[in-house]
**Q** 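Once you've had a glance at the structure underneath, I'll fire off some questions.
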Amino acid sequence: QVQLVESGGGLVQAGGSLRLSCAASGSIFRITTMGWYRQAPGKQRESVAAITSAGNANFADSVQGRFTISRDGAKNTVHLQMNSLKPEDTAVYYCNARLRPIGAPDWGDVWGQGTQVTVSS
């Protein structure tokens, strides 16, 4: 059983910062891409940032220059540093990993349970 556990959400004022962390655990053979998605009330889930096993990162236009993503391959963790937060960043943030469990023939996507980020104006 593979699971992702997120931490670090909370309430912050506009202009503030938060750091989200996500740890993958279980019988994991390999992880390729890890990333973060978010879903605001009444909106579809959208990609925020992702990072490959080679360290290549990409970001949504709306967070470019404000958010950074980092990864520790040895610990199967990914972090999202969010700076200059805006009220429109308010959402539930989900960690995602594309991985292959030990003994499994295929790759698949695993999701965390989500962590709430609320930015007050």
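Quick note: numbers below take in every heavy atom, side chains included, and nothing from hydrogens, waters or symmetry partners.
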**Q** So which atom in Gly114 and which in Val92 form the shortest heavy-atom distance, rounded to 0.1 Å?
**A** CA-CG1, 3.8 Å
**Q** Nearest 0.5 Å, what's the OG-OH distance between Ser47 and Tyr94?
**A** 14.5 Å
**Q** Give me the atom names and distance for the closest heavy-atom approach of Leu4 to Ala24.
**A** CD2-CB, 3.3 Å
**Q** Cluster question for you: counting only ILVMFWY and a side-chain heavy-atom cut-off of under 4.5 Å, with indirect links fine, are Leu18 and Val119 together?
**A** yes
**Q** Consider only side-chain heavy atoms of I, L, V, M, F, W and Y, link residues closer than 4.5 Å, and tell whether Tyr93 and Val12 are in one cluster.
**A** yes
**Q** For the atom pair CD1 (Ile28) and CG (Asn76), what is the distance rounded to the nearest 0.5 Å?
**A** 4.5 Å
**Q** Give the ring-plane orientation class for Trp111 versus Tyr37, where under 30° counts as parallel, over 60° as perpendicular and anything between as tilted.
**A** perpendicular
**Q** For Ser121 and Ala14, work out which heavy atoms get closest and say how close.
**A** CA-CB, 4.4 Å
**Q** Any chance you could measure Asp72, atom CG, to Thr77, atom OG1, to the nearest 0.5 Å?
**A** 4.5 Å
**Q** Please report the interatomic distance CD1(Ile102) to CZ(Arg30), rounded to the nearest 0.5 Å.
**A** 11.5 Å
**Q** Yes or no on side chain to side chain contact (heavy atoms under 4.5 Å, CB included) for Val78 and Cys95, after CA distance, side-chain angles and deciding distance?
**A** CA-CA 8 Å; Val78 64; Cys95 179; 3.9 Å; yes
**Q** Could you tell me whether a side-chain N or O of Arg66 sits under 3.5 Å from a main-chain N or O of Ser84, the two making a donor and an acceptor?
**A** yes
**Q** Using every non-hydrogen atom in the two residues, find where Ala49 and Leu80 come nearest and quote the distance to one decimal.
**A** CB-CD1, 4.0 Å
**Q** If we only count heavy atoms from C-beta on, is the Ser27 to Pro101 side-chain gap below 4.5 Å?
**A** no
**Q** With side chain to side chain contact (heavy atoms under 4.5 Å, CB included) as the criterion, how do Gln116 and Thr90 come out once you've worked through the C-alpha distance, each side chain's angles and the decisive distance to 0.1 Å?
**A** CA-CA 8 Å; Gln116 177 70 46; Thr90 295; 4.0 Å; yes
**Q** Show the numbers, then the answer: is there a side chain to side chain contact (heavy atoms under 4.5 Å, CB included) between Arg71 and Ile31?
**A** CA-CA 11 Å; Arg71 177 174 174 174; Ile31 302 176; 3.5 Å; yes
**Q** What is the minimum heavy-atom distance between Thr33 and Ala50, and which atoms define it?
**A** CG2-CB, 3.9 Å
**Q** Could you pull out the closest heavy-atom pair between Trp107 and Arg100, with the gap in Å?
**A** CE3-N, 3.5 Å
**Q** With a 4.5 Å limit on heavy-atom distance, are the side chains of Arg38 and Asp89 in contact?
**A** yes
**Q** Tell me, with the steps shown, if Trp36 and Glu6 meet side chain to side chain contact (heavy atoms under 4.5 Å, CB included).
**A** CA-CA 10 Å; Trp36 294 89; Glu6 299 131 334; 4.0 Å; yes
**Q** Can you check whether Val117 reaches Leu20 side chain to side chain, under 4.5 Å on heavy atoms?
**A** yes
**Q** To the nearest 0.5 Å, what is the distance between CE (Met34) and OG (Ser53)?
**A** 11.0 Å
**Q** Let me confirm one number: the CD1-CG distance from Ile69 to Asn58, rounded to the nearest 0.5 Å.
**A** 8.0 Å
